[in-house]
Amino acid sequence: MKSETKPYKETLNLPVTRFEMKANLTEREPRMQERWREQDLYKQLRAARAGQSRKVLHDGPPYANGEIHMGTLLNKVLKDMVARSLSMFGHDSPYVPGWDCHGLPIEHKVVKDLGARAAHTSHADIRSLCRVEAMKWVDVQRSQFMRLGVLGDWFNPYLTLDPRYEAGIIDVLAQLVAEGYVERQLKPIHWCLSDRTALAEAELEYQESTTPSIFVNMLVKRGLPESLGVDGAVHAMIWTTTPWTLPANVAIAAHPDIEYAAVRYTPAGGGEPVQTILAVDLAAKVLARAGATDIVELGRCRGRALEHAVYSHPFLEREGRFVLANYVSVEDGTGLVHTAPGHGSEDFQTGMAYQLPVLSPVDESGRFTAEAPEWIQGQQVFAANKPIVEHIRASGHLVLEAPLSHSYPHCWRCKKPVIFRATEQWFIRVDHNRLRERTLEAIAQVRWIPEWGRTRIESMVSLRPDWCISRQRAWGVPIPALKCTGCGEQVLTAETLRHFRDLFRKEGSDSWFNRPAAEIVPDGLACPRCGKTEFEKEGDILDVWFESGASHRGVLASEFNLGYPAFMYLEGSDQHRGWFQSSILTAVGSTGRAPFETVLTHGFVVDDQGRKMSKSLGNYIAAEQATAKYGADVLRLYVSSMDYSDDVGMSERGVKEASESYRKIRNTFRYLLGNLEDYRDFDPATVDPLTLRAIDLYMLGKLNELVRDVRAAYERFEFYKVYQRIYQFCSVDLSSFYLDVLKDRLYAEARTGEKRRAAQFVLARLHDALARMLAPIIPHTAEEVWDYNKPGGGASVHLELFPEADPRFDDAARNQRWAQLLELRDKILVELEALRKSKQIGSAQEAKVTIHSDRLAATDLAGLLTEICIVSEVEIQAGHAGAEPRIAAERSAHAKCERCWNHRADVGQSAEHPTLCGRCVGVLVG
RNA sequence: GGGCGUAUAGCUCAGUUGGCUAGAGCGCACCCCUGAUAAGGGUGAGGUCCUGUGUUCGAAUCACAGUACGCCCA
């Protein structure tokens, strides 16, 4: 041991605490989470809030596939901050997490893994493999969410594959069926001819493929505008790369704003002149390719003028109509689009809008049925292209034929080209019973945060088509429709659905697939059309959006006893089209109101340049790794720091900056705790707040302002304001001002003296308030900090309420005075800096400040200024009347007190302690 | 191509009904301290308020037209 060079250091009250500066969150957080699990914090919180006003944030179920990413992290952390802050406002806010377990991606994965074996695997086996796959990811994601510190009923979540939940889905469907919303309609879907199966978008592979491309004239019968200037027979020229769809043609689509021309030309090889209509911009090109001569333009019109004109089909006894569609372009073709609602997605949309018939004379194997013209019946569609083209050529309708290479969808399994084929599907009729209008009315009743969410979902709902809720897949909840073996009637009634609802609740929806129809058909069921009592099961399942959209039944209104409607739904802004819409449509249809009072949306996670985050761009941050590296509280603090109403930019550098901020907050707590170590046994009630020093009262007033601002920000879910406000308070008001000023009092004054106790009184309040206010954002650290100084021995900060402002410390006039004082302080600090630059002083304690001011001369502010500038002496002298204070700083002429380091005139007056100032001598002698 | 949204210092955010040389914190640079020490303090430098046009005595703020980015459609 070296000899003691500073014996008086031992007499100071320097900070002492076991609260470590190094956060080491990676190890500390899991331990904290373990503790919360053991004490069952979630259950304790439920008990503590039992009977209070209930505000439920209803979790939108993430898809149980893959690890969580930054987007899921953002969403879950925001939800957690909402739920926790609601609890800290005193509400009873249970949080039941959920998972979306059915659906194509999981089925896809399972089938892919099976490879060739998939063909020999039973439906039931595929479903049980899917279940295993889904549950695997539920477990993975659960532990990842828990690692983030999200507080919820993690071991009693809702799963869309849970029989109780499935029953809820069918219950909603039953109600919708009872009120007539559900009906069967034809709709074109992707279809693989060789596998004889429906395909989803995700099961398509686009490949270059060569098909015919033909230009066809169709004879217009009536309804053309005069401006076209035509006389006699006139045609409309369409273009298609799928001649086999022509038998299903029922309309020609034009763009309302594109300009069309009527032209007369002599066909290649001579013959009678022909009149036809096509887009102005394409006419010259197309006619040149066709080898036409003597081309004369006769007149023009806008597409909208063609609407409702009538033409006759090129080879069927049928009339078709001109319709308008916005997807029509002049990229290629003729600007007039052959429209067959049974064979195309856009065609179908247009067909719905104009109530056109949906024709699809093609069977499961892609062969034309008896509804097609005799000369192609039984032929496979692709093979039928040739006779169809020849037929049109022979009748003189063909203008031009040329092979075309373009991207065409193929089956992901057999690699063969697919077709669009109309099949019967189940739909929810959006305009039945005014469902659309009533949904819009319900939307008006909801609070949307941000406000523009309302406009967004309104425009989507007012434009959306009927909702196709059936899918031809294996992994989902069946639509338990029964097909009469006698007449083929589909039986799907409220009664049969309630029967199957009860069956599913008992046995799960597997029972539909695994048990024979005869076993599960309701007793005594007879076909309403033919009276027969034998049925087959249909194989369709429900759209997964219907499943998750029905969570208001399965989760809010029943099993989990959360209450209907929910206080809030909180998801990314993509859910205006997704879950918010499927939820509100099913809810309005079945209960007449929205399932939520408030909908809060957040933006997407992008990189620091505002670009989408993707692995291929190299700007991707893996959520798991980031959590492992920086800790949950750092990421949570990062999330809290940004305004989520827009996209949030995240980057590795951003995370690092967040950990800097975290360290500042942590250190602020460390200082507070270090100076409160001996305060725990002290009874704060013995401090009369009115005896506190001016600066203490001022800080308590500042704390009041902080508490009010933070509460207001939490009320509006503006976490970035909470962060900003608290962080700047810690940094500016505390670290660089109050806590710095306090050092002399805390370290040098008598340990249990009134002056030090007064400071500790404020520190304790700061600690208490900051820990509570930060608890929703950095729950682990808030709890750790709470542990070190438990007022009242609370088991967890997360069972506490937010602090409230204490009006005893409000004083507007005082704040005004302090604002002036701090302004003066800033000016003094500039002078001190100049002194430092010229090497006359190092620390401020070596300085003496002289202020010349007429105004201040009459006051007794010298002492206060000495304190808040942490200098050794301030002298105020008279200055010119009305002039700004003039400030001079110099090195103090007094000796330095060896104990408190202030330069004081009274150093050396004690024989016993010749190097100490009077105050320090007093403290030591007692 | 359409609907909705965003754009202020390197970063995160302020900027009320158009009005002082556009603010804060962080970061950065330089300095100090060594009794919050893998801490703490001070000073300072950073902005074509996305671009353009217009309205106005005056525009980050209002209008129009663009650009970029995001979400959802097509």
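Every chain is numbered from 1, with letters handed out A, B, ... down the list of sequences. Worth saying up front: this structure is predicted, and the values here are computed from it rather than measured.
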Mind checking if A:Asn675 touches a base, just sugar-phosphate, or nothing, with heavy atoms under 4.0 Å? nothing
For A:Ser731 and B:C26, is the shortest distance between a side-chain N/O and OP1 or OP2 below 4.0 Å? yes
Does one side chain, of A:Glu652 or A:Tyr630, offer a donor that lies under 3.5 Å from an acceptor on the other? yes
Of A:Gly654 and A:Ser459, whose closest RNA chain B nucleotide lies nearer the 5' terminus? A:Ser459
A:Lys837 side chain near B:C30 phosphate (N/O to OP1/OP2, under 4.0 Å): no
In the strands shown, is B:U34 matched to any nucleotide by a Watson-Crick or G-U wobble pair with both distances under 3.5 Å, and which? none
Quick one: do the A:Asp543 and A:Trp467 side chains pair a donor with an acceptor below 3.5 Å? yes
Given B:U12, B:U43, B:A36, which nucleotide is nearest the side-chain atoms of A:Glu833? B:U43
Roughly how many Å apart are B:G25 and B:G40, using the P atom of each and rounding to a whole number? 16 Å
A:Asp574 vs A:Gly842, nearer the 5' end of RNA chain B by closest nucleotide: A:Gly842
Check every atom of B:A24, B:G35, B:U37 against the side chain of A:Gln728 and return the nucleotide holding the closest atom. B:A24
Does any nucleotide pair with B:C71 by Watson-Crick or G-U wobble geometry, both distances under 3.5 Å, and what is it? B:G3
Does either side chain, that of A:Ser735 or that of A:Tyr671, offer a donor lying less than 3.5 Å from an acceptor on the other one? no
With sugar-phosphate meaning primed atoms plus P, OP1 and OP2, does A:Asp740 contact a base, only sugar-phosphate, or nothing at under 4.0 Å between heavy atoms? sugar-phosphate
Residue-phosphate contact under 4.0 Å: A:Lys839 side-chain N/O, B:C32 OP1/OP2: yes
What distance, rounded to whole Å, do you find between the two P atoms, one in B:G52 and one in B:G15? 25 Å
Euclidean distance for P, B:U8 against B:G70 (whole angstrom): 16 Å
Any donor-acceptor pair, under 3.5 Å, between the side chain of A:Lys22 and the base of B:A38, if you only look at N and O atoms? no
Can you find a side chain N or O atom of A:Tyr720 that sits less than 4.0 Å from OP1 or OP2 on B:A14? yes
Among B:G25, B:G70, B:G42, the one nearest any side-chain atom of A:Arg836 is B:G42
For nucleotides B:G58 and B:A74, find the distance between their C1' atoms and express it as a whole number of Å. 45 Å
Contact class for A:Gln609 (heavy atom, under 4.0 Å): base, sugar-phosphate, or nothing? nothing
Gap in Å between the two P atoms, one belonging to B:A14 and one to B:A7, rounded: 9 Å
Please indicate whether A:Lys827 has more than 12 foreign heavy atoms, meaning atoms of other residues, nucleotides or ligands, lying under 6.0 Å from its NZ. yes
Using a heavy-atom cut-off of 4.0 Å across all strands, would you classify A:Ser661 as base, sugar-phosphate, or nothing? nothing
Counting Watson-Crick and G-U wobble pairs only, both distances under 3.5 Å, name the nucleotide matched with B:G52, or none. B:C64
Could you identify the nucleotide paired to B:G18, looking across every strand shown and requiring Watson-Crick or G-U wobble geometry with both distances under 3.5 Å? none
If we check salt bridge (charged side-chain N to carboxylate O under 4.0 Å, His left out) with A:Glu784, which of these qualifies: A:Arg28, A:Arg670, A:Arg18? A:Arg28
Looking across every strand, which nucleic acid part, if any, lies under 4.0 Å from A:Leu829 by heavy atom: base, sugar-phosphate, or nothing? sugar-phosphate
Give A:Glu660 one of three labels, base, sugar-phosphate or nothing, depending on what nucleic acid heavy atoms sit under 4.0 Å from its own. sugar-phosphate
B:U51 versus B:U61 - spacing of their P atoms, nearest Å: 10 Å
Is the side chain of A:Arg636 donor-acceptor paired with the backbone N or O of A:Ile777 at a distance under 3.5 Å, no angle test? yes
Less than 4.0 angstrom between a side-chain N/O of A:Thr668 and OP1 or OP2 of B:A36, yes or no? no
Nearest-angstrom distance, P atom, B:C49 to B:A22: 10 Å
Using purine N1 to pyrimidine N3 plus N6-O4 or O6-N4 for Watson-Crick, or N1-O2 and O6-N3 for G-U wobble, each under 3.5 Å, what pairs with B:C26? B:G10
Are any of A:Lys656's side-chain N or O atoms less than 4.0 Å away from OP1 or OP2 of B:C11? no
Pairwise P distance for B:G66 and B:A24, with rounding to whole Å: 37 Å
Please state whether the phosphate of B:C71, meaning OP1 or OP2, lies under 4.0 angstrom from any side-chain nitrogen or oxygen of A:Lys612. yes
Looking at the side chain of A:Met21, which of B:G10, B:A38, B:G25 is the nearest nucleotide? B:A38
A:Glu846 CD to A:Lys896 NZ distance, which is reported to the nearest 0.5 Å: 6.5 Å
Would you say A:Tyr638 reaches B:U12's phosphate, i.e. side-chain N/O to OP1/OP2 under 4.0 Å? no
Please determine whether side chain to side chain contact (heavy atoms under 4.5 Å, CB included) holds for the pair A:Asp646 and A:Tyr644, giving the CA-CA distance in whole Å, both sets of side-chain angles, and the decisive distance to 0.1 Å. CA-CA 5 Å; A:Asp646 190 14; A:Tyr644 56 76; over 6 Å; no
By nearest atom, which of the nucleotides B:U12, B:C73, B:A74 is closest to the A:Arg577 side chain? B:C73
Would you find more than 12 non-hydrogen atoms of other residues, nucleotides or ligands less than 6.0 Å from A:Arg708 atom CZ? yes
Checking contacts here: which listed nucleotide (B:G10, B:A36, B:U37) is nearest the side-chain heavy atoms of A:Pro15? B:A36
Counting any heavy atom closer than 4.0 Å, what does A:Ser735 reach on the DNA or RNA strands: base, sugar-phosphate only, or nothing? base
Report yes if a donor N or O on one partner sits less than 3.5 Å from an acceptor N or O on the other, where the partners are the side chain of A:Arg456 and the base of B:C71; otherwise report no. yes
Under the criteria of a ring-centre distance below 5.5 Å and an interplanar angle below 30°, is A:Trp901 stacked with the base of B:G35? yes
For a quick check of understanding: with a heavy-atom distance under 4.0 Å over all strands, which category does A:Arg899 fall into, base, sugar-phosphate or nothing? base
Can you tell me if the side-chain N/O atoms of A:Arg725 get under 4.0 Å from OP1 or OP2 in B:G25? no
